[in-house]
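Along the sequence shown, residues are numbered consecutively beginning with 1.
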Amino acid sequence: MSECASCQKSDASKLCSKCRLVSYCDANCQSAHWKDHKPECIPEVVKGIVIPCDGDKRTQGPAIFRAVDVPRSHPVHREGHSTPVPKKVGIPLLVYKHPRPSDKIYERAPLDNQITTYLMIEPFNGLAPLQWQQDIGTVTVIRADHKPLTTQEIETVWMYIDQILDTFGDSDSQARAQMTKPKFRQFCERYKEQEIANGRGEFQGLQLPIGSS
């Protein structure tokens, strides 16, 4: 038996099902302690995505997304930056910039990462903050709610923002009107259908709405 994280009794037998690090007597104790525990309630491993910068794509291959297991100890959990538009439509993402490499090859290879720039645009003007416009480097992306994030999901979010940016060129108000959960869901359905029609069988497995799994 372990000590209850809420009432400190010594006969707690119910582990937190998400992080499996703390124990409780029952659901009442767990509910009472949730506000304190929530910031530290991180699963042992989260399914995330690495988005390589242009330089890493030159040296490590052309893939624009790489699925990774992100451990509990990864700094993205505590130092990740929230993405404004995805959060607005119900997909809370955290982005963490990898430390700058000291390798001399990177003195010549660009650290630009346009996909990440798109993820960081502000809803009111379609522009990313200056620190997210250039020399970003490679990043790790996870969902802030620790649900799995797949390459098909992050691609769909990216292309949704790409469409919004096209609309900003014509009308700011129309672009902002696209930033709703129903509009996002409609885009996801169209994009999934389009990519399957283009022969990309991996999109058969894209679960909609995104994040429902």
Side-chain angles (χ1 to χ4, degrees), residues 45-71 74-76 79-87 89 91-101 103 105-122 126-144 147-169 178 184 187-211 213:
V45 174
V46 174
K47 299 292 184 182
I49 302 293
V50 166
I51 307 177
C53 64
D54 292 348
D56 276 348
K57 282 187 282 189
R58 291 182 185 180
T59 60
Q60 299 175 14
I64 58 174
F65 302 116
R66 187 170 75 249
V68 292
D69 288 338
V70 182
H74 196 288
V76 67
E79 300 174 30
H81 296 262
S82 179
T83 57
V85 173
K87 182 178 180 181
V89 297
I91 311 297
L93 302 179
L94 294 176
V95 178
Y96 173 77
K97 291 183 181 182
H98 291 197
R100 295 291 178 88
D103 236 317
I105 190 171
Y106 284 90
E107 293 175 6
R108 303 186 303 274
L111 291 165
D112 289 352
N113 192 325
Q114 188 185 61
I115 294 173
T116 300
T117 298
Y118 280 27
L119 292 177
M120 298 305 296
I121 68 165
E122 296 288 358
L127 298 175
L130 286 176
Q131 67 268 32
W132 294 101
Q133 291 185 19
Q134 60 184 3
D135 294 337
I136 296 167
T138 292
V139 303
T140 292
V141 185
I142 63 168
R143 286 187 57 120
K147 291 182 179 180
L149 181 64
T150 70
T151 56
Q152 291 77 40
E153 289 173 341
I154 195 70
E155 177 182 332
T156 303
V157 171
W158 165 43
M159 296 311 297
Y160 165 70
I161 295 174
D162 180 69
Q163 174 189 264
I164 287 173
L165 287 173
D166 285 344
T167 309
F168 262 115
Q178 295 296 314
F184 175 62
F187 175 86
C188 292
E189 290 171 348
R190 292 196 306 271
Y191 191 72
K192 177 179 179 178
E193 183 178 342
Q194 168 192 300
E195 294 309 297
I196 292 172
N198 288 338
R200 299 184 66 190
E202 64 270 26
F203 270 83
Q204 295 279 4
L206 177 63
Q207 298 293 314
L208 299 179
I210 288 178
S213 58

**Prompt:** Salt-bridged, Glu155 to Arg200, with N to O below 4.0 Å?
**Reply:**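 Result for this pair is yes, salt bridge flagged.
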Is a donor on one side and an acceptor on the other found under 3.5 Å between the side chain of [X] and the backbone of [Y]?
| X | Y | answer |
| --- | --- | --- |
| Gln60 | Lys57 | no |
| Asn113 | Gly137 | yes |
| Glu202 | Gln152 | no |
| Thr151 | Ala67 | no |
| Asp69 | Val46 | no |
| Asp54 | Pro110 | no |

Minimum heavy-atom distance [X]-[Y], with the two atoms named:
| X | Y | result |
| --- | --- | --- |
| Val76 | Val70 | CG1-CG1, 3.8 Å |
| Ala63 | Pro52 | O-CG, 3.3 Å |
| Glu122 | Pro84 | OE1-CG, 3.8 Å |
| Leu119 | Pro86 | O-CD, 3.9 Å |
| Ser82 | Met120 | O-CE, 3.3 Å |

**Prompt:** What do the steps show when you test Ile115 against Ile154 for side chain to side chain contact (heavy atoms under 4.5 Å, CB included), and what is the final call?
**Reply:** CA-CA 10 Å; Ile115 294 173; Ile154 195 70; 5.8 Å; no
**Item:** Stepwise side chain to side chain contact (heavy atoms under 4.5 Å, CB included) check, Asn198 with Phe203
**Value:** CA-CA 10 Å; Asn198 288 338; Phe203 270 83; over 6 Å; no
State, yes or no, whether a side-chain contact exists between [X] and [Y] at a heavy-atom distance under 4.5 Å.
| X | Y | value |
| --- | --- | --- |
| Glu189 | Leu208 | yes |
| Gln178 | Phe184 | no |
| Leu206 | Thr156 | yes |
| Trp158 | Ile64 | yes |
| Leu111 | Ile136 | no |
| Val50 | Phe65 | no |
| Glu153 | Lys147 | no |
| Ile161 | Ile121 | yes |

**Prompt:** If you count the non-hydrogen atoms of other residues, nucleotides and ligands that lie under 6.0 Å from CD in Gln131, is the total more than 12?
**Reply:**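 Yes.
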**Item:** Results of ring-ring contact (aromatic ring centres under 6.0 Å, His included) for Phe187 - residues two or more places apart only
**Value:** Tyr160, Tyr191
**Separation of Ile164 CD1 from Met159 CE (nearest 0.5 Å)** =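 Met159 CE to Ile164 CD1: 12.0 Å, rounded to 0.5 Å.
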**Separation of Leu94 CG from Lys87 NZ (nearest 0.5 Å)** = 9.5 Å
**Message:** Using side chain to side chain contact (heavy atoms under 4.5 Å, CB included), reason through Gln133 and Gln114 one step at a time and then give a plain yes or no.
**Reply:** CA-CA 8 Å; Gln133 291 185 19; Gln114 188 185 61; over 6 Å; no
**Asked** Among Val85, Ile142, Leu149, whose side chain to side chain contact (heavy atoms under 4.5 Å, CB included) with Leu93 holds?
**Response**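 For Leu93, the side chain to side chain contact (heavy atoms under 4.5 Å, CB included) test succeeds with only one of Val85, Ile142, Leu149, which is Leu149.
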**Prompt:** Applying the side-chain hydrogen bond (donor to acceptor under 3.5 Å, both in side chains) test to Thr140, which of Arg66, Lys97, His98 qualifies?
**Reply:** His98
**Asked** Step by step, would you call Thr83 with Val95 a side chain to side chain contact (heavy atoms under 4.5 Å, CB included)?
**Response** CA-CA 7 Å; Thr83 57; Val95 178; 3.5 Å; yes
